[in-house]
Amino acid sequence: MGKKDNQEFVTQITPRSEDFSQWYTDVILKTDLVDYADVRGCMVIKPYGYGIWELIQQEMDARFKATGHKNVYFPMLIPESLLLKEAEHVEGFAPEVAWVTHGGNEKLQERLAIRPTSETLFCNMYAKWVQSWRDLPMKYNQWCSVMRWEKSTRPFLRTSEFLWQEGHTIHATAEEAQEETLQMLEVYREFAENVLALPVYVGQKSDKEKFAGARATYSMEAMMQDGKALQAGTTHNFGTNFAEAFGIQYLSKEGQLEFVHETSWGTSTRMIGAIIMTHGDERGLRMPPRVAPIQVVILPIAQHKEGVLERARALKAELEAAGLRVELDDRDTYSAGWKFNEWEMKGVPVRLELGPRDIEAGVATAMRRDTFEKSQLALDGIGDAVKSMLDSIHHTLFEQAKAFRDAKTYTAADMDALEKGVQDGFVKASWCGERACEDAIKEKTNASSRNMPFDQSGMPSDVCVCCGKPAGKLMYFAKAY
RNA sequence: CGAGGUGUAGCGCAGUUUGGUAGCGCGUUUGGUUCGGGACCAAAAGGUCGCAGGUUCGAAUCCUGUCACCUCGACCA
């Protein structure tokens, strides 16, 4: 047994350091997360990948409910006239809308957009539903898929159709809407850090980067292992932009007709891409325990021997009773070594080996995926031991990612330093004008932008990544996905 | 849409320069021995060489066209 060493296995995935893109593609295909669909720019999410999404939905939904939101479902098709109502919004989305032009064999009188996002539908209904200040706020969320005809696509990061959640709320006052916008940004941040183990920066985006039709857009950005920024969630404050376009008005306590203030916020399956590109290593995935479809895999060793399988099944039942997601790999068609490597590639956080020697000693041999550390856990009370190991793995993943990001975050006082830093990671710098920022990131700096002064005063803590205008003057710059 | 690259067995590739029987590794199937870090032996199956034309006695190989995918830009969650 075991003539081939692990080096040989590792070479099956393109080394991360050599070609990060190829590594990403290798990992998602070889770990059974997705397959390429034979449909333009779309992917098939396989059971293991979809399992992650289900857990994300569960965790997020609980947070939405806790902040007073309810789930709804709106149609996938949007009449063109509805989409055209808010000028800035149309302009922003027009290049990437897919249209339905025929019903059966008949050409439609009005073409229907396949939703790229549902602001217009929500607005249309809100206009009917709202009469009085008593009806406000309305805080709805929907889980669905949307379609955007992207020019180039990559699984999870950018596909034509993608799964997401979109929250849409309307409020009586500007203050309330702003509070909602920031609250949901905080919900996202807390979720990213505490559930996905993704350290993120949150902040406001620049006018050029903001959502089409929004007064203000906020986002959370994570650093991938190639130093690029990935937007993992975004919230928008529309003010009364859409309310005015769609006539969403209510009668206030004072008897005045007022426009509502609206927000929207969304996160998508892209978060799965963020997990992969943040936590993955040379062996493949490292799933953050709280969204790992399989948290513990039990590998019976020498399972043909008497009593081993029975004990393994009992162990599985015990761990499941403790609330853990457990897989028992009792396939006898693969050797133990083969299975070790497969589950490591799939990123299962904890592996429990259970063989005759373990059973004899009353223990299971545990291996944690984050550090490859092996230890013996007493079978007696093993549920708690595994749970605390999972918590520890979560924290290790978070701290590793944070240390990586911090080490690649530079401070720049001039354009040269900014340009240089952006090649490797994030750059913290004072706001120096939108044109100059973009130029720096895209290596197309010209003389006029280069001469714009860096403002060294005022360094607020809430800042944003990727060419965003912060609430104050400090911001982060990075190449973005 | 601009620039570059790749299409040969399920997967990864060689063969193309200089035209001459379609190859290799992994995987798969069958039988046996194994089983605590991708086991070994033996046998077998599997390909209209992306597609369409052309040149030629003969094309994976040369010519023309076309399609798909990948990387980098532009656009975006």
Side-chain angles (χ1 to χ4, degrees), chain A residues 1-14 19-22 24-26 29-30 35-36 38-41 92-97 116-117 145-166 188 205 208-212 217 219-222 229-236 264-274 283 299-305 308 331-345 351-361 364-365 367 372 374 376 438 441-444 466 479-481:
Chain A
M1 289 293 296
K3 304 286 185 331
K4 300 181 178 181
D5 64 11
N6 279 324
Q7 277 314 109
E8 193 160 337
F9 161 73
V10 169
T11 58
Q12 287 186 17
I13 301 177
T14 303
D19 185 341
F20 190 67
S21 258
Q22 192 58 50
Y24 178 76
T25 306
D26 280 2
L29 292 175
K30 289 183 176 173
D35 200 355
Y36 290 122
D38 299 321
V39 178
R40 187 200 169 279
F93 278 102
E96 49 189 79
V97 171
T117 177
S145 75
V146 291
M147 170 154 284
R148 297 178 187 180
W149 212 254
E150 301 288 355
K151 295 195 170 78
S152 68
T153 59
R154 299 188 70 190
F156 288 126
L157 301 185
R158 175 161 298 104
T159 48
S160 291
E161 183 185 5
F162 59 93
L163 294 166
W164 78 344
Q165 78 36 232
E166 49 179 326
Y188 286 164
K205 301 202 98 178
K208 179 147 192 310
E209 295 262 316
K210 77 180 184 190
F211 184 81
T217 289
S219 78
M220 63 171 175
E221 308 270 348
L230 184 72
Q231 179 174 316
T234 176
T235 74
H236 315 288
S264 83
W265 25 277
T267 56
S268 70
T269 39
R270 174 184 266 194
M271 283 188 293
I272 299 174
R283 296 289 197 94
L299 288 191
I301 303 295
Q303 59 179 315
H304 59 284
K305 290 198 175 148
V308 172
R331 294 173 295 177
D332 57 6
T333 44
Y334 294 97
S335 69
W338 197 95
K339 293 189 208 172
F340 288 172
N341 284 297
E342 186 184 34
W343 292 114
E344 279 164 17
M345 187 162 74
R351 178 180 78 223
L352 292 178
E353 297 164 37
L354 192 68
R357 294 207 294 270
D358 296 303
I359 295 172
E360 180 85 13
T365 303
M367 196 221 63
F372 290 105
K374 277 194 177 187
Q376 310 276 312
E438 293 204 331
I441 289 162
K442 292 167 187 168
E443 305 170 77
K444 291 177 198 156
C466 188
K479 283 192 175 179
Y481 269 98

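The sequence lines fix the lettering, A, B, ..., with proteins before strands; numbering per chain opens at 1. Quantities reported herein were computed from a predicted structural model and do not represent experimental measurements.
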Within the 4.0 Å heavy-atom criterion, would you say [X] contacts the bases, only the backbone, or no part of the nucleic acid?
| X | result |
| --- | --- |
| A:Ser160 | nothing |
| A:Thr365 | base |
| A:Met367 | base |
| A:Arg154 | sugar-phosphate |
| A:Asp358 | base |
| A:Pro356 | base |
| A:Leu157 | base |
| A:Gly355 | base |

Atom [atom1] of [X] and atom [atom2] of [N]: how far apart are they, to the nearest Å?
| X | N | atom1 | atom2 | value |
| --- | --- | --- | --- | --- |
| A:Lys339 | B:G37 | NZ | C1' | 13 Å |
| A:Phe20 | B:C70 | CZ | C1' | 17 Å |
| A:Lys30 | B:C11 | NZ | P | 12 Å |
| A:His304 | B:A39 | NE2 | P | 15 Å |
| A:Asp26 | B:G12 | CG | C1' | 10 Å |
| A:Ile301 | B:G37 | CD1 | C1' | 9 Å |
| A:Met147 | B:C75 | CE | P | 22 Å |

[N] to [M] separation - [atom1] atoms, rounded to the nearest Å:
| N | M | atom1 | value |
| --- | --- | --- | --- |
| B:C41 | B:G7 | P | 32 Å |
| B:U55 | B:U21 | C1' | 22 Å |
| B:A39 | B:U48 | P | 32 Å |
| B:U8 | B:G50 | C1' | 10 Å |
| B:A59 | B:U17 | C1' | 15 Å |
| B:G10 | B:A45 | C1' | 13 Å |
| B:A52 | B:C70 | P | 23 Å |
| B:C49 | B:C40 | P | 34 Å |

Which nucleotide sits closest to the side chain of [X]: [options]?
| X | options | answer |
| --- | --- | --- |
| A:Glu96 | B:C35, B:G36, B:C75 | B:C75 |
| A:Phe340 | B:U71, B:G36, B:G37 | B:G37 |
| A:Glu150 | B:G36, B:C75, B:U71 | B:C75 |
| A:Ser335 | B:A39, B:U71, B:G36 | B:A39 |
| A:Glu344 | B:G36, B:C72, B:G37 | B:G37 |
| A:Tyr334 | B:U28, B:G36, B:G37 | B:U28 |

Watson-Crick or G-U counterpart of [N], or none if no pair lies under 3.5 Å:
| N | answer |
| --- | --- |
| B:G58 | none |
| B:A45 | none |
| B:C69 | B:G5 |
| B:A52 | B:U64 |
| B:C40 | B:G32 |
| B:U21 | none |

So, [X] side chain and [Y] main chain: donor-acceptor pair closer than 3.5 Å or not?
| X | Y | result |
| --- | --- | --- |
| A:Tyr24 | A:Pro155 | yes |
| A:Gln376 | A:Ala361 | no |
| A:Tyr188 | A:Ala232 | no |

According to side chain to side chain contact (heavy atoms under 4.5 Å, CB included), who are the partners of A:Thr117, at least two apart in sequence or on a separate chain?
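So A:Thr117 forms a side chain to side chain contact (heavy atoms under 4.5 Å, CB included) with A:His89, A:Phe93, A:Glu119, A:Arg148, A:Trp164, A:Glu166, A:Phe211.
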
Taking the nucleotide of RNA chain B with the closest heavy atom to each, which residue, A:Gln303 or A:Glu161, is nearer the 5' end?
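On the 5' side of the pair lies A:Gln303.
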
Looking at A:Glu344 and A:Lys339, is any side-chain nitrogen of the basic one under 4.0 Å from a carboxylate oxygen of the acidic one?
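Result for this pair is no, no salt bridge flagged.
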
How far apart are the closest heavy atoms of A:Phe372 and A:Arg283, and which atoms are they?
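A:Phe372 and A:Arg283 have their closest heavy atoms at CZ-CG, 3.8 Å.
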
Compare every heavy atom of A:Gly273 with every heavy atom of A:Leu157, then report the nearest pair and how far apart it is.
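Minimum heavy-atom separation between A:Leu157 and A:Gly273: CD2-CA, 4.0 Å.
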
Can you name the ring pair (Phe, Tyr, Trp, His ring centres under 6.0 Å) partners of A:Trp338, sequence neighbours left out?
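Counting only residues at least two positions away or on another chain, A:Trp338 forms a ring pair (Phe, Tyr, Trp, His ring centres under 6.0 Å) with A:Tyr334.
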
